2 protein chains.
Amino acid sequence: MKRDSRLSGVLHVLLHMAEADAPVTSEAMAKAMRTNPVVIRRIMAGLRDAGFVHSEKGHGGGWTIARDLADITLRDVYAALGSPELFAMANRTETPGCLVEQAVNAALNSAFQDATALLLNRFGAVTLAALSADFHARMVTSGKFIDLESGHAA
Amino acid sequence: MKRDSRLSGVLHVLLHMAEADAPVTSEAMAKAMRTNPVVIRRIMAGLRDAGFVHSEKGHGGGWTIARDLADITLRDVYAALGSPELFAMANRTETPGCLVEQAVNAALNSAFQDATALLLNRFGAVTLAALSADFHARMVTSGKFIDLESGHAA
DNA sequence: TTTCATGAAACTTCATATGTTGCGAGATGA
DNA sequence: TCATCTCGCAACATATGAAGTTTCATGAAA
């Protein structure tokens, strides 16, 4: 199955935005992420609607973070993306008439529900500020620095 | 993303096999599952190789369960399918040079690893015998019975 | 030797994440 | 005013992989 990397991607973009002191254009982010500006706008749309980021048109426009990084958790970001499916496995039939399948679904659903709760709790416990701090710690440790050209840590 | 229903499907098939007292053909199972015999053989292949089921060709042939249901856990079945991907979300890049992406991956991987452990533990704690017992309990509760024609509980 | 069944390969179909193109709208600056 | 920059959005193209299908070979039973 083709796995969804929007959460990973949007977090990456947000942390890069956090490093910039001016609005970042979709094109600049796309270059850094080696993808297309439209893809950036697409994954940012939910965050904009949720009020986590702000976008401005025209000269000097682009994207800015609209809240304190400490006030945005991975769970918020996940929700802003529309709470996409977490698991790669599905029940064969969601509302089966077959009692065997009901028993199978019940067992699998129970496990997946608990795993969902675990994941959402974990996501809720991590703020963008924490991720950013981790990034800065890695920068110190590695001796690498931000490449201002691309907005990417080199 | 297109989600994988092989685990759900193979469990369904196994429990139906457990109800039968003679080998069940791929075609019969396919009819009960409203799919194609080749699909059945495909998802059963791993279980056969793992020794959980046995297949026989020719007249009176078909599939039989080769072990006690109490000795097969959902985790065994999952492994026999080749331990397919559990999650629908992936990191944008698995081995990023970018330190930002490393920080993002680390946070997400940590959560997903814990969720994986939870799921595998849950799967390991459920045997086919337990699922079968649950099925029989549902049959009593619902007043429904096995439809011998299709091998399906109606 | 006919029929029934699995085994395996090749192919088609379908869903969907991702990539791309094109154009309109709004903002900036000359 | 007008050119330019930027996002917003729709439409279309591409790629991947699960699921379904077709076909033929192999072996067992009647």
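Only a predicted model underlies this, so the values are computations on that prediction, with no experimental measurement involved. FYI, side chains are in, hydrogens and waters are out, and symmetry mates aren't considered; it's all heavy atoms of this structure.
An OP1 or OP2 oxygen of D:dA18 is reached within less than 4.0 angstrom by no side-chain nitrogen or oxygen of B:S5. Side-chain N/O atoms of A:R41 include none lying less than 4.0 angstrom from OP1 or OP2 on D:dG8. Under 4.0 angstrom from either OP1 or OP2 of D:dT6 there lies no side-chain N or O belonging to A:T25. In this model, the phosphate group of D:dT6 is not approached by any side-chain N or O of A:S55 to a distance below 4.0 Å at OP1 or OP2.
For the pair A:E85 CD and C:dT16 C1', the computed distance is 13 Å after rounding to whole Å. Straight-line distance from the CZ atom of A:R6 to the P atom of C:dT16: 12 Å, rounded to whole Å. When the C1' atom of C:dT18 is taken as reference, atom CZ of A:R34 falls 17 Å away, rounded to whole Å. Distance, A:I40 CD1 to C:dG19 C1': 12 Å, rounded to whole Å. Spacing between atom CZ of B:F87 and atom P of D:dG17 amounts to 19 Å, rounded to whole angstrom units. What separates CG of A:D4 from C1' of C:dT18 is a distance of 10 Å, to the nearest Å. Taking atom NE2 on A:H54 and atom C1' on C:dA27, their separation rounds to 11 Å, with Å as the unit. The CE-P distance, from B:M33 to D:dT21, rounds to 14 Å in whole Å.
Side-chain N/O atoms of A:K2 and base N/O atoms of D:dA15 include a donor-acceptor pair closer than 3.5 Å. For B:H59 and C:dT3, a side-chain-to-base donor-acceptor distance below 3.5 Å is present, hydrogens and geometry of angles not being considered. Side chain A:R3 to base C:dT16: no donor-acceptor pair is found below 3.5 Å.
Using a 4.5 Å cut-off between side-chain heavy atoms of Ile, Leu, Val, Met, Phe, Trp and Tyr, with links allowed through other members, B:L118 and B:L120 fall into different hydrophobic clusters. Hydrophobic clustering (side-chain heavy atoms under 4.5 Å, transitive across Ile, Leu, Val, Met, Phe, Trp, Tyr) groups B:I65 together with B:L81.
No donor-acceptor pair under 3.5 Å is formed between the side chain of A:Y78 and the backbone N or O of A:G124.
Comparing A:V39 and A:G60 by the nucleotide of DNA chain C that holds the closest heavy atom to each, the one mapping nearer the 5' end is A:V39.
For B:V38, the listed nucleotide lying nearest its side chain is D:dT21; candidates were D:dT21, D:dC7, C:dA17. Closest to the side chain of B:K57, out of D:dA19, D:dC7, D:dT26, is D:dT26.
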Exercise for the section: Carefully, step by step, assess A:H136 and A:E19 under the rule side chain to side chain donor-acceptor pair (under 3.5 Å). Expected result: CA-CA 10 Å; A:H136 284 286; A:E19 298 298 314; 2.9 Å; yes
Practice task
Could you please spell out the steps behind the side-chain contact (heavy atoms from CB on, under 4.5 Å) verdict for A:L14 and A:V77?
Solution key: CA-CA 10 Å; A:L14 286 169; A:V77 176; 4.1 Å; yes
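Within 4.0 Å (heavy atoms only), A:R48 reaches sugar-phosphate atoms of the nucleic acid but no base atom. B:R42 comes within 4.0 angstrom of a base, heavy atoms only. Nucleic acid contact for B:N36: base, since at least one base atom lies under 4.0 Å from a heavy atom of the residue.
Taking the six-membered ring for Trp and thresholds of 30 and 60 degrees, A:F87 and A:F112 have ring planes inclined between 30 and 60 degrees apart.
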